[in-house]
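Just below is one structure, and these are the notes that go with it.
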Protein chains: 2
Amino acid sequence: MPRHHPPKPPADTAPPTTRVDDAIRAMTDYIHGEGLKVGDKLPSEAAFADRLGVSRTVVREAFKSLAAMRIIEMRAGRRAQVCAFDASVIALSLTHALRTEQINAQQMWDARRAVEMRTVALAAMRRTDAEAAGLLGLVAQMRSSVDDLAGMTEQDIAFHTAIADATRNPLFPVLVTSLTSAIRETNPIVWRHRRDTDARREVVEAHAGIAQAIADGDPEAACAALAAHFDLASRALVTAGFN
Amino acid sequence: MPRHHPPKPPADTAPPTTRVDDAIRAMTDYIHGEGLKVGDKLPSEAAFADRLGVSRTVVREAFKSLAAMRIIEMRAGRRAQVCAFDASVIALSLTHALRTEQINAQQMWDARRAVEMRTVALAAMRRTDAEAAGLLGLVAQMRSSVDDLAGMTEQDIAFHTAIADATRNPLFPVLVTSLTSAIRETNPIVWRHRRDTDARREVVEAHAGIAQAIADGDPEAACAALAAHFDLASRALVTAGFN
DNA sequence: TGATTTAAACCTGTATGATAGGTTGAGTTA
DNA sequence: TAACTCAACCTATCATACAGGTTTAAATCA
């Protein structure tokens, strides 16, 4: 029984690879193959077009794709160069997933808990004295600006980032920033819940506990304090009727 | 002393925003504003060009950028549609960071430890019986194919992914896959170290411990077993003279 | 001679127009 | 009603053109 309009599975089968895809592959291979590092320059668009035997249009779209993924950086007049790793790509990816409801805020919070549970432990082991002082200073700031929601938000970001920095592992600041910004961008529920001063004071004290444990160089205590912090947030989510 | 060719900070100041950037912003705003979900179609390139008052060239580069970030999916003939969240973007970003030595394998392993420490705990609490059986089955397979390095690698990936799946949090499989694939792509050291059968048997037993703890529904034991697993890997890294 | 200016060469950003080939849905036919 | 055809629409790619940054080296001035 020959069904014409052949086996065209209505949905998605093999996404046929396009010349732009090939070009993207060729370029990442080039970067890897030549051992290019951050700041190193790539050949011009024309050069790539020549080498790959495609039009500049294709090369350009490939370049733009890589630029979007922060693998290269493009600016008018100068050649594309290898770009520094940063949180923006992962943050955008996560934000998109949240916005389109492929994951929810609670799940994002849980991933963040997983990552930060390690960052506080490492921070407690590796922090410098200056970093410990910095964390305690941030807490002091939070205490004094407990009436200023915007300011406290700022300081909260700074606090968690500072902890991630203290791990000496550049991957952690990226992950923490990505997860945190995605949550914040799409889910101010927890902060709304912190309307009343009491709730915010509670939050500040949770931070104080974490900072103190890190300053004391006590990983277990730091983990416990962080767990308390996240439980607080979790409870707020539930109270606010999370999605 | 007026230096002409004015204060042009040789490096990087303000990356001037281009029309493509504006278009990208407009498109993500559109997706968010219209509340589009996975699979929903976007307007045609011509329509966007019209609406934004730019050429199709600009729209196309913007579309390709979003496609590269897996925010939309493009295919010849049909309209672009909102794309499902997957690990490829984060994986590529991490792979690039590794290749360009912005982070090293040890740091990547540590992030993976952080994430998986949570996945095993959650898996122990949430796994279905089928999933528990599946994990034990994978371990059995590993035991029997202890002579087949390629096979074991496959099963190792499947194992860790299965645990992440059992958390019921779709973010975890993505993170685990991204971190794992990045490591594997650029750092086969640990696997090379598993040349001799004894080392591999040790690895298999580490996995067995994790699987059993998850099957038992014992989060603490699962974490302990995973820690043992990662310490093994860590030792292998050191032995092999990590970078 | 050495610092400065200038301009040419090169590059990217954007626009326009054209063509080939994939997709879809409205008719049309068996 | 199921299968087929085709026109309209859409994306993939190319060629060409030009405006406006950047870089480099020649030209010029102190």
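Order of the sequence lines fixes the chain letters, A, B, ..., with proteins taken first and strands second; residue numbering starts at 1 for each chain.
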Per [X] side chain, nearest of listed nucleotides [options]:
{"X": "A:Met74", "options": "C:dG13, D:dT13, C:dT23", "value": "C:dG13"}
{"X": "B:Val58", "options": "D:dC14, C:dA15, D:dA12", "value": "C:dA15"}
{"X": "A:Ala76", "options": "D:dT13, C:dG13, C:dT16", "value": "C:dG13"}
{"X": "A:Arg78", "options": "D:dA12, D:dC10, D:dT22", "value": "D:dT22"}
{"X": "B:Arg79", "options": "D:dA17, D:dC10, D:dT13", "value": "D:dC10"}

Using only heavy-atom distances, determine whether the side chains of A:Arg126 and A:Thr167 contain a donor-acceptor pair under 3.5 Å.
no

Using a 3.5 Å distance criterion without hydrogens, assess whether the side chain of A:Thr177 forms a donor-acceptor pair with backbone atoms of A:Pro173.
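At least one qualifying donor-acceptor pair exists.
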
Is there a donor-acceptor contact under 3.5 Å from the side chain of B:Thr161 to the main chain of B:Ile157?
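The answer is yes, because a donor-acceptor pair under 3.5 Å joins these two groups.
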
Please give, in whole Å, the distance from [N] [atom2] to [X] [atom1]?
{"X": "A:Arg56", "N": "C:dC11", "atom1": "CZ", "atom2": "C1'", "value": "8 Å"}
{"X": "B:Asp50", "N": "C:dA15", "atom1": "CG", "atom2": "P", "value": "13 Å"}
{"X": "B:Asp21", "N": "C:dT12", "atom1": "CG", "atom2": "P", "value": "16 Å"}
{"X": "A:Leu52", "N": "D:dC14", "atom1": "CG", "atom2": "P", "value": "10 Å"}
{"X": "A:Phe63", "N": "C:dG13", "atom1": "CZ", "atom2": "P", "value": "10 Å"}
{"X": "A:Arg60", "N": "D:dA12", "atom1": "CZ", "atom2": "P", "value": "17 Å"}
{"X": "B:Arg75", "N": "D:dA12", "atom1": "CZ", "atom2": "P", "value": "10 Å"}
{"X": "B:Glu45", "N": "D:dA12", "atom1": "CD", "atom2": "P", "value": "6 Å"}

Counting any heavy atom closer than 4.0 Å, what does B:Thr18 reach on the DNA or RNA strands: base, sugar-phosphate only, or nothing?
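Sugar-phosphate: the residue B:Thr18, judged by heavy atoms under 4.0 Å, touches backbone atoms but no base.
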
Applying a 4.0 Å non-hydrogen cut-off, can you work out what A:Thr57 is touching in the nucleic acid: base, sugar-phosphate, or nothing?
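Here A:Thr57 touches the bases of the nucleic acid.
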
Could you check B:Pro43 against A:Ser55 and say which one's nearest nucleotide on DNA chain D is further toward the 5' end?
B:Pro43

May I ask you to decide whether A:Glu45 forms a salt bridge with A:Arg79, counting only side-chain N to carboxylate O separations under 4.0 Å?
no

Taking only Lys NZ, Arg NE, NH1 and NH2, and the carboxylate oxygens of Asp or Glu, determine whether A:Asp110 and B:Arg168 approach each other closer than 4.0 Å.
no

Any B:Arg19 side-chain nitrogen or oxygen under 4.0 Å from OP1 or OP2 of C:dA15
yes

